[in-house]
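Have a look at the structure below before the remarks.
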Amino acid sequence: MKAKIHKFEQNGSYMLLDINSGAVHVIDKLAYEIMDYFDGTNDAAVLGQMAGRYPRGEVEEVLSELHALMDEHQLFASDIDVPPTFRQQGLVKSLCLMVAQDCNMRCKYCFGDGGSYGQERAVMSPEVGKGAIDFLLSNCGPFRKHFEVDFFGGEPLMNMQTVQAVTEYARRMEKERKVHFKLTMTTNGLLLDDEKIKWLNDNHISVVLSTDGRRETHDRMRPDAGGQGTYDRVMRNFKKFVDSRKGEAYYMRGTYTRENLDFTEDVLAMQDAGFDVLSMEPVVLKDGPLALREADLPRIYEEYDRLVDAYLQRHREGKGFFFFHFNMDLSNGPCVAKRLSGCGSGHEYFAIAENGDIYPCHQFVGREQYLMGNIYEGVTNRKLSRYFRESHVLNKEKCRGCWVRFFCSGGCHANDDLFHGDIRKPYELGCELQKKRLECALYVQAVLALEKMEQGEKVGEFTTAESIH
């Protein structure tokens, strides 16, 4: 039964996660200690363990509440089975288009070799971009109506001709095929101007803005192709862009490395600059001075605790912001398939290189052993695609017994390949960071839910708001 729960303490609060159901409970110290022994069938043994430490009546009360959670399938819930669909060929639902395998920045931690991905610098033609949409619509099955397409690079604004042509084509297909495309772009912002901003808004393109927080962090990590700092130019463009959005989606994404382990300051700097939908991701590098190391984990854990405190403090001051890793909907979690396989790379999600070649995701572009086909012939390496489809969290030996498995879905295949040459062998440091971030997120959501209850607000079926004992 211990493999079915995870409990932890954060800032004096005791938390209990039921792994299979995803139910989260705030408990007191007595219940926290009882869960060291309780397996759902051994009340007498638990009473014996607690004898002399707590009054018998209080222990019995907690046991009664725990059994009630079991009856509601919110404690020791049944194991999740692999859906039959995982034995079938995946249907394509989303693409990442490498519209520009070139970049006007030279970020020091770039996994894409400055946008080229180890290949010749090139941009995608409109014909290849529209061919990618045809590939998607030809391999989605008869019933899917919603698709996602991300314009990526390098820097996609270096190839607006193709971005615009693909968007126009996708919108035409929406009308002809009665489907819907969610279009997204990730940009460093150097080329954002009034004309492009208007076009992005008019065409309802969701946008990810890349920056690294404080001026000194950003300029050190994200120089332009000439080696000059870019902070002032980028932030001016981003501010103008966000002010123009009027409800259209965006979020600002940063990266922390070994040189800014005090990344709370970078997150807060982004909010202070006028942005309130934020993310800060750990760098993934195998070696080099910027790479995170196992010895850095205690310091990083402390920093996430600092970020939790700052996040909650600003929320209470009426200056709250959305932070990607702390925002979770635990009352209506993802479907089983999503919990098992995450992004679906290699079988439901693909990256299309500028020449039309198909890879499992954007991070695999240029890793020729992962070339899966092309948009004209489709996925020809079916064996590799099936391997990706079957590489769900329950087929990864080190993941099967991990408490975080249904939240991380086994982690990032590309990172696993980078470190171990095998997408079924998880990147261990990434696993440890994921566990810490999730504990912080569960705590944050519990605190916010309890504060809403204290203010008389309804929090729905959010189980975190129910305190045991």
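Since this is a predicted model, take the numbers as computed values, not measurements.
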Could you tell me how the ring of Phe321 sits relative to the ring of Phe323: parallel (under 30°), tilted (30 to 60°) or perpendicular (over 60°)?
perpendicular
Aromatic ring proximity Tyr117/Tyr359, centre distance under 6.0 Å:
no
Using only atom types and a distance under 3.5 Å, with no angle test, would you say the side chain of Ser385 pairs donor to acceptor with the backbone of Gly346?
yes
Is a side-chain donor-acceptor pair under 3.5 Å present for Gln10 with Asp305?
yes
Taking all atoms of both residues into account, what is the closest heavy-atom pair of Ala132 and Ile352, and its distance?
CB-CG1, 4.1 Å
Quick one: does Val267's side chain get under 4.5 Å of Tyr311's, heavy atoms only?
no
Can you find a side-chain donor-acceptor pair between Ser21 and Gln74 that sits under 3.5 Å?
no
To the nearest 0.5 Å, what is the distance between OH on Tyr370 and CE on Met372?
10.0 Å
In Å and rounded to the nearest 0.5 Å, what is the CG to CG distance from Asn188 to Asn104?
4.5 Å
Between Asn159 and Ala100, is there a donor-acceptor pair closer than 3.5 Å when you use the side chain of the first and the backbone of the second?
no
Pairwise side-chain contact, Asp357 with Met98, heavy-atom cut-off 4.5 Å (strictly under):
no
Aromatic rings Phe263 and Tyr256: how do their planes relate, parallel, tilted or perpendicular, breaks at 30° and 60°?
parallel
Has Glu120 got more than 12 heavy atoms of other residues, nucleotides or ligands less than 6.0 Å from its CD?
no
Verify whether one side chain among His73 and Ser78 offers a donor that lies under 3.5 Å from an acceptor in the other.
no
For Tyr251 together with Phe275, are the ring centres under 6.0 Å from each other?
no
Does Arg306 use its side chain to pair, donor to acceptor, with the backbone of Asp262 at less than 3.5 Å?
no
Does atom CD of Glu259 have more than 12 heavy-atom neighbours, drawn from other residues, nucleotides or ligands, at distances under 6.0 Å?
yes
Spacing of Gln363 atom CD and Ser345 atom OG [to the nearest 0.5 Å]:
9.5 Å
Under a 3.5 Å threshold, yes or no: a donor from one side chain and an acceptor from the other, between Asp79 and Asn20?
yes
Calculate, to the nearest 0.5 Å, the distance between atoms CD1 and OG1 belonging to Ile358 and Thr380 respectively.
7.5 Å
To check you understand the geometry: which heavy-atom pair defines the closest contact between Lys435 and Cys402, and what is its length?
CE-SG, 3.6 Å
Using the side chain to side chain contact (heavy atoms under 4.5 Å, CB included) rule, take Thr255 and Met221 through it: C-alpha gap first, then chi angles, then the decisive distance, then the call.
CA-CA 9 Å; Thr255 299; Met221 291 295 112; over 6 Å; no
Least distance between heavy atoms, Phe151 atom then Pro156 atom
O-CG, 3.7 Å
For Gly213 and Tyr231 the tightest heavy-atom approach is O-CE1, 3.3 Å
Could you go step by step and tell me if Glu354 and Val123 meet the side chain to side chain contact (heavy atoms under 4.5 Å, CB included) rule?
CA-CA 6 Å; Glu354 57 82 21; Val123 296; over 6 Å; no
Just checking, is any N or O donor in the side chain of Asn260 or Thr217 under 3.5 Å from an acceptor N or O on the other one?
no
Does any N or O in the side chain of His420 come within less than 3.5 Å of the main-chain N or O of Asp422, such that one atom is a donor and the other an acceptor?
no
Steps toward side chain to side chain contact (heavy atoms under 4.5 Å, CB included) verdict (Asn355, Val128)
CA-CA 7 Å; Asn355 62 356; Val128 169; over 6 Å; no
Check whether Phe407 forms a cation-pi arrangement with Arg437 (NZ or CZ under 6.0 Å from the six-membered ring centre, at most 45° off the ring normal).
no
With rounding to the nearest 0.5 angstrom, report the CD to NZ distance, Glu397 to Lys425.
9.5 Å
Please say whether more than 12 non-hydrogen atoms of neighbouring residues, nucleotides or ligands are located less than 6.0 Å from NZ in Lys182.
no
Just by modelled atom types, is the Glu303 backbone N or O under 3.5 Å from a matching donor or acceptor in the Thr264 side chain?
yes
Can you find a heavy atom in the side chain of Gln164 that is under 4.5 Å from one in the side chain of Asn203?
no
Any side-chain heavy atom of Asn201 within less than 4.5 Å of one from Lys246?
no
Identify the heavy atoms of Leu136 and Ser94 that sit nearest to each other, and give their distance.
CD1-N, 4.0 Å
Asp18 (side chain) donor-acceptor with Ala23 (main chain) under 3.5 angstrom:
no
Around Gln369, counting heavy atoms of other residues, nucleotides and ligands shown, do more than 12 lie under 6.0 Å from its CD?
yes
Test: Arg299 and Asp296 ion pair at under 4.0 Å:
no
Begin from the C-alpha positions of Phe419 and Glu428 and carry the test side chain to side chain contact (heavy atoms under 4.5 Å, CB included) through to its verdict.
CA-CA 9 Å; Phe419 280 83; Glu428 295 88 346; 5.7 Å; no
Would you check if Leu137 and Arg177 make a side-chain contact, meaning some heavy-atom pair closer than 4.5 Å?
yes
Between the main-chain N or O of Asn237 and the side-chain N or O of Arg233, is there a donor-acceptor pair closer than 3.5 Å?
no
Got a donor-acceptor contact below 3.5 angstrom from the Asn395 side chain to the Glu390 backbone?
yes
Is any side-chain heavy atom of Phe322 less than 4.5 Å from a side-chain heavy atom of Gln271?
no
Considering all heavy atoms, the nearest Ala291-Arg258 contact
O-CD, 3.2 Å
Indicate whether any N or O donor in one side chain lies under 3.5 Å from an N or O acceptor in the other, for Glu155 and Thr187.
yes
Nearest 0.5 Å, please: how far is SG in Cys399 from NE2 in His392?
11.5 Å
Lys240 bridged to Asp194 by N-O distance under 4.0 Å:
yes
Determine, for Glu174 against Arg171, whether the closest basic-nitrogen to carboxylate-oxygen distance falls under 4.0 angstrom.
yes
If you count heavy atoms of other groups shown closer than 6.0 angstrom to NZ of Lys7, is the number above 12?
yes
Side chains of Ser391 and His413: does their closest heavy-atom pair fall under 4.5 Å?
yes
With a 6.0 Å cut-off (strictly less than), is the heavy-atom count around NZ of Lys175, excluding the residue itself, greater than 12?
no
Side chains of Leu69 and Phe76, heavy atoms from C-beta outward: is any pair under 4.5 Å?
no
If you look only at pairs with a residue in residues 403-421, which of them pass as a salt bridge (charged side-chain N to carboxylate O under 4.0 Å, His left out), with sequence neighbours excluded?
Arg367-Asp417, Lys396-Asp416
Using distance only, find each side-chain donor-acceptor pair of residues 277-288 under 3.5 Å and give its atom names and separation, not counting sequence neighbours.
{"from": "Ser279", "atom 1": "OG", "to": "Glu281", "atom 2": "OE2", "distance (Å)": "2.3"}
{"from": "Glu281", "atom 1": "OE1", "to": "His325", "atom 2": "NE2", "distance (Å)": "3.0"}
{"from": "Glu281", "atom 1": "OE2", "to": "His325", "atom 2": "NE2", "distance (Å)": "3.3"}
{"from": "Lys286", "atom 1": "NZ", "to": "Leu418", "atom 2": "O", "distance (Å)": "3.3"}

Taking Phe326's backbone N and O only, do any of them form a donor-acceptor pair with Gln445's side chain (distance below 3.5 Å, no angle check)?
yes
Give a yes or no answer on whether the side chain of Asp113 reaches the backbone of Ser116 with a donor-acceptor pair at less than 3.5 Å.
no
